[in-house]
Amino acid sequence: MAKIHVTTTINGEPMEYLCEPNDTMLDALRGPLGLTGSKEGCSSGDCGACSITVDDRLICSCLMLAAEAEGHELRTIEGMAHGEQLHPLQQKFLEHAALQCGICTSGMLVASDALLRKNPDPSEEEVRFWLAGNLCRCTGYDKIVRAVLETAAEMRGEIKEAAQ
Amino acid sequence: MADIRYVAPRSLDEAIGAFAAAGSAARILAGGTDLLVQMRSGIVKPGVIVDIKGIAEMTDIEETADGGFRVGAATSGMALYEHLRFGKVWPGVLEAVNLIGSKQVQGRASAGGNLMNGSPAGDSVPAMIAAGAIVTVQGPNGRREMKVEEVPAGPGRTNLKPGEILVSFALPPRPPGSSDAYLRMIPRTEMDIAVVGLGVSLTLKDGVCTAARVGLGAVAPTALLVEPAAKALIGTKLDDAALEKAAEACRAACRPIDDKRGTIAYRIKTAGVLLKRTTAIAAKRAAGK
Amino acid sequence: MNLVTNNKWIGQRTIRPDGMDKVTGRAQFAADTTMPGQIWGKILRSPHPHARIRSIDTSKAEKLPGVKAVVTSRDIVDFTIEKGAVMLGIQDMRWICRNVMARDKALFPGHPVAAVAATTEAIAAEACKLIEVDYEVLPWSIEIEDAIKPDAPVLHEFNKFEGKPSNIVGRLEHKKGDIAEGFKQADVVIERTFTTRPVHQGYIEPHACLISVAPDGKTTIWSSSQGQFMVRAMTSMLTGIPQSDIRAIPAEIGGGFGGKTIVYLEPVATLLAKKSGRPVKMVMTREEVMRATGPTSGSRSTVKIGATKDGRIVAAHGTFYLQAGAFPGSPIRGAAGCSFTPYDIPNLLSEGFDVCSNRSKVAAYRAPGAPIGAYAVECVMDEVAEALKMDPLDFRLKNGAKEGTKAAHGPTFPRIGYIETVEAAKASPHYAAPLGDGHGKPRGRGVASGFWFNAGGESSAQVNITEDGNVVVTTGHPDIGGSRAGIANICAELLGIDYRRVSVIIGDTQTVGFSNLTGGSRVLFASAMVVTQSAEKVIQTLRERAAKIWNIDPEAVKWEQGAAHPASPNAGQFPPLTLEELAEKAPAMGGPIGAGVQLNTQGADGGFGTHICDVEIDTDLGIARVIRYTAVQDVGRAIHPGYVEGQLQGGVAQGIGWALNEEYIYTKEGKVDNPGFLDYRMPVCSDLPMIDCIMVEVPNPKHPQGVKGVGEVPLVPVMAAVASAIYNALGIRFYSLPMSPPKVSAALDAGMKQAAE
């Protein structure tokens with residue numbers, strides 16, 4: 001099989017890699033790109049642990065071919081913090097104990113971030129339905145939802161935009 | 001091991017060329033939310049993957065001069081949601097497309113992929129049937145149109161000819177007083193395949209239903225257009241007797257199976273329940289117009 | 001033992017030490033690890049539920065380009081049946097050996113039969129297809145009632161029950177008093193039979209490992225497991241490599257809940273690595289996890305409870321049949337031993353039966369056996385209370401176990417917190433709140449209690465002071481619930497320093513002393529004990545160092561707020577010596593400051609919980625939703641309240657799934673029909689309400705911080721609480737789980753038909 005050479009942008013950085021035609025984007029992230037923050041829980045789009053955004057759209061990276069990334073802008077969990085500066089969601093997850101084993105956390109944070117970019121003032125119900133595609137078996141979701149709601153409130157109260 | 005190729009054509013002609021040339025070894029890639037799962041589990045082993053998302057006609061949403069819509073077959077649910085007008089005119093079709101999977105899946109999944117996957121339970125299909133959608137397909141022998149309810153042939157199969165690609169859905173202009181709705185029964189609140197799915201599109205004039213279409217999914221080898229249910233609604237004020245008659249028509253139309261998602265008896269009962277609820281929502285929306 | 005009551009860090013919601021890595025995606029789970037030259041392993045699995053393996057021909061697979069090694073059961077050390085049990089903890093290695101790879105018989109679809117390592121996953125998978133296995137297909141049974149029929153196909157021919165070959169492979173009983181006499185005194189007797197389906201622990205991270213074996217046998221294992229020492233021991237026993245040559249490193253673990261307390265992949269990957277000379281990585285697919293690991297038992301229980309008209313339980317009898325799967329070992333101990341334990345019952349017989357059948361071998365799942373038994377007992381308790389016209393919580397108070405009650409499983413209770421949980425439930429805002437208007441959907445409320453043994457067991461820790469005056473704590477148990485956070489709080493408290501100066505890490509088998517599994521709700525209990533003793537030794541050293549500097553007796557030195565002080569004005573006027581100062585002086589003052597302790601910790605007490613559940617039912621569709629939930633639990637001491645609440649909330653969520661939608665569904669061919677997250681329906685975020693927690697603290701007097709295990713109790717009462725709530729809403733009792741929409745709908749229709757007649 002001839003490998004495909006892909007040039008793309010991930011977390012604001014130009015990146016390139018080789019992939020098989022039937023590799024998923026998750027395979028590419030965790031393999032040649034060494035970005036293991038996105039996790040593989042099911043490979044069938046049912047658990048959300050592999051969530052990333054492509055051109056600002058939230059997707060499961062296990063449901064996208066690695067070859068499709070050509071020319072697009074991807075964001076993964078690795079791009080959420082900026083050096084030592086955590087994204088408010090990441091900080092709130094820590095403060096609220098909104099994670100236990102941590103395997104769902106990357107996907108949960110990427111999905112939550114996508115929600116708040118679209119809807120800065122979600123209700124509890126909206127948060128819950130938005131995150132329905134992110135399975136968590138440890139927390140029962142309670143503290144995750146609280147962390148997202150409190151982050152949203154805090155971010156609405158801030159005057160300055162978070163760093164890009 | 002078999003070779004596999006990935007191609008991303010920029011024009012429909014190029015796509016048809018590649019698709020037809022590879023014959024049964026080819027698969028169209030839109031959102032990939034069915035194809036990649038099937039590839040991973042080994043059910044499907046394509047020789048050529050034809051990614052059609054680079055073709056404008058397949059991902060555009062266009063309002064036609066007569067007030068209808070033309071929606072590219074590979075348009076994602078999210079893109080449809082973000083369109084400023086589509087959801088106002090066709091809230092039922094929009095909610096049906098956006099009940100497929102999770103938000104992540106909706107970022108990729110399309111009504112075209114949903115229809116072409118041929119699952120009897122595909123959420124968008126009953127709503128498209130109720131809407132009276134006409135699909136445009138194109139193949140080596142040219143372009144043609146089909147009623148959307150004519151597309152499904154059975155579980156996993158469609159009535160498109162070899163080499164044909166689904167291009168777009170055309171939704172008709174809406175007379176005033178029209179709206180639609182889609183409901184499905186799933187055991188959880190999200191993420192499940194529909195145990196029963198039901199779409200209703202109707203027009204009300206002075207409280208009387210002057211037009212209606214009912215699409216019913218997951219209760220037969222294909223999604224169904226249930227004409228007797230629509231007939232039972234048309235000309236009535238959607239009173240209890242009319243709704244019960246339409247519900248009975250839906251129950252009678254069911255040819256379901258017992259499987260890991262539901263029993264025959266449960267599906268039949270639920271079809272009737274959903275008819276009443278979906279009609280009520282569509283009517284409320286239509287009255288607001 | 002001094003109970004620590006100082007509250008600077010204990011009881012605080014600190015940021016967990018390992019949290020930063022987890023929210024940035026940096027945490028290394030087993031599948032994230034890599035080694036140079038690594039290749040991939042894949043397992044060939046039996047398609048048949050029951051088959052004799054006549055021969056295996058791997059020659060074609062071995063010839064495929066890219067294949068580096070092939071393993072069959074011939075490569076695995078045998079633990080012969082005839083030689084008798086070889087126990088490692090509660091696991092019999094004869095069964096683990098055969099579960100890791102089938103020997104003469106395949107006993108479930110998915111049972112490993114052979115394995116291949118190759119340069120890519122795709123080649124390894126292709127090679128598996130080239131392995132030719134000659135099976136003699138045999139009849140099979142999966143469900144308990146089928147497996148115990150007289151003519152049922154027997155999985156283990158050597159096993160006899162009541163003189164005949166049988167699939168009943170074990171029995172235990174707890175007895176107290178005389179139930180025949182007891183029932184004679186009862187005014188109300190309720191007897192019911194309950195069934196539950198197998199459910200999976202549902203951890204989001206599939207099993208994974210990466211293993212390298214050097215030519216001299218030195219083995220390095222990264223794996224997702226609840227016990228690196230268990231991994232080392234089981235791998236050693238099955239491969240023949242001595243334990244001292246195996247370094248088992250616990251990667252961060254993405255959920256376990258008991259399902260990762262045994263090995264599946266590690267011995268196989270080790271042999272592949274040994275044979276190929278390359279590191280071998282193996283990661284299960286979700287489908288493999290669902291087909292071939294865990295789940296917990298399906299069950300059939302009959303419970304009979306008798307009470308006098310003034311509400312005293314006089315007798316109880318429970319018979320619990322639990323499905324073990326392919327090999328003996330279902331958790332009858334939990335079902336028979338825990339289910340009646342919240343109550344003081346003078347006459348009791350509790351029996352458990354272990355039943356083998358052709359499905360995957362059962363694995364532990366959060367209070368193994370207890371949720372199954374509690375579902376049955378707590379539902380009958382609800383019916384007895386109703387027959388007596390007593391409030392269900394008052395009925396439990398009247399019969400609640402207390403200090404001095406003799407539990408059926410043997411011990412006489414010391415000071416326990418059960419009554420306190422019931423009282424707290426009664427006094428809770430939830431219990432006082434009206435159910436509210438369901439707008440056409442009936443609502444109902446149910447309550448239930450539960451108990452789990454908890455455990456102590458072996459633990460090792462080291463507390464070392466760094467040269468710059470901070471602390472590194474090495475513990476021995478994988479952290480699945482936030483134990484590192486609790487340990488950091490305790491250590492900071494003891495040393496009187498800011499908790500951010502404490503680093504807590506989990507050692508591997510070569511860097512920390514023997515520590516038993518993460519399970520049994522024991523990690524914080526056990527590791528806190530050894531960390532406390534280590535810290536006390538460190539403090540003693542620090543006092544001696546200060547004493548030397550001040551030229552006074554160490555007894556005249558006290559340690560407070562991170563520094564040594566003279567204990568009284570008589571000892572002298574010296575400015576305090578901080579931890580940093582003493583650390584800096586350490587080389588000149590006698591050397592490194594640190595201590596390690598290894599113990600078989602004792603004094604663990606069982607835990608109790610009482611839950612309140614509100615449901616709302618869409619009766620036309622049969623869909624029940626939990627709309628409010630409160631979990632009350634006696635937690636001993638909440639060292640880190642956030643992570644204690646997390647255990648309660650997580651257990652409740654699992655129980656709601658078990659009650660309403662989770663179940664293993666089999667095809668007519670005996671295979672799992674729903675081996676994925678689409679149709680194995682675990683609760684998603686929108687399915688659940690907020691889960692309120694009330695933590696009752698009755699400190700364990702035998703523990704330095706009063707800790708009791710908390711992780712498992714939360715799952716025990718849930719299914720009964722949900723079932724009783726549904727009864728309260730609909731007037732229909734469900735004696736089988738899950739209470740899924742088609743079942744609820746059918747029961748409602750049947751009820752309506754009865755009413756119409």
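Chain naming here is simple, since letters A, B, ... match the order of the sequence lines and numbering starts at 1 in each.
To the nearest 0.5 angstrom, B:Met78 atom CE is 12.0 Å from A:Ile59 atom CD1. Interatomic distance, NZ of B:Lys103 versus CG of A:Leu115, reported as 9.5 Å (0.5 Å rounding). In this structure, CG on B:Asp51 lies 9.5 Å from CE on A:Met64, to the nearest 0.5 angstrom. Between the CH2 atom of A:Trp130 and the CD atom of B:Gln104 there is a distance of 8.5 Å, given to the nearest 0.5 Å. Rounded to the nearest 0.5 angstrom, A:Lys118 NZ and B:Tyr81 OH are separated by 6.5 Å. To the nearest 0.5 Å, atom CG of residue A:Asp46 and atom OG of residue B:Ser102 are 8.0 Å apart.
Crowding of B:Glu62 atom CD: a count of heavy atoms from other residues, nucleotides or ligands under 6.0 Å exceeding 12. Within a 6.0 Å sphere centred on CD of A:Glu73, other residues, nucleotides and ligands contribute 12 heavy atoms or fewer. The neighbour count for B:Leu84 CG, taken as heavy atoms of other residues, nucleotides or ligands under 6.0 Å away, does not exceed 12.
Heavy atoms closer than 4.5 Å to chain A are found nowhere in B:Gln38, neither backbone nor side chain. In this structure, the portion of B:Met39 lying under 4.5 Å from any heavy atom of chain A is its side chain and not its backbone. Neither the backbone nor the side chain of A:Asp55 comes within less than 4.5 Å of any heavy atom of chain B. Only the side chain of A:Ile4 comes within contact range of chain B, with heavy atoms under 4.5 Å apart. At a 4.5 Å heavy-atom cutoff, the contact between B:Leu29 and chain A is made by side-chain atoms alone. For A:Leu65, the parts lying near chain B are the backbone and the side chain together; criterion is any non-hydrogen pair under 4.5 Å. Residue A:Cys62 touches chain B through its backbone alone, counting heavy-atom pairs closer than 4.5 Å.
The candidate with the highest count of non-hydrogen atom pairs below 4.5 Å against chain A, out of B:Val37, B:Val105, B:Ile49, is B:Val37.
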Notebook entry, point to check: Would A:Arg57 and B:Ser76 count as a side chain to side chain contact (heavy atoms under 4.5 Å, CB included) if you check the C-alpha gap in whole Å, the side-chain angles of each, and the deciding distance to 0.1 Å?
Noted result: CA-CA 10 Å; A:Arg57 199 154 277 157; B:Ser76 74; 3.4 Å; yes

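Using a 4.0 Å cut-off between charged nitrogen and carboxylate oxygen, A:Glu20 and B:Arg5 do not count as a salt-bridge pair. Ion pairing between A:Glu68 and B:Lys53 holds under the 4.0 Å rule for side-chain N and carboxylate O.
When all heavy atoms of B:Leu36 and A:Leu63 are compared, the closest pair comes out as CD2-C, 3.1 Å. Between B:Met191 and A:Gly45, the shortest heavy-atom distance links the atoms CE-O, 4.2 Å.
Taking 4.5 Å as the heavy-atom cut-off, the residues of residues 106-117 of chain B that approach chain A are B:Gly107, B:Arg108, ordered by number.
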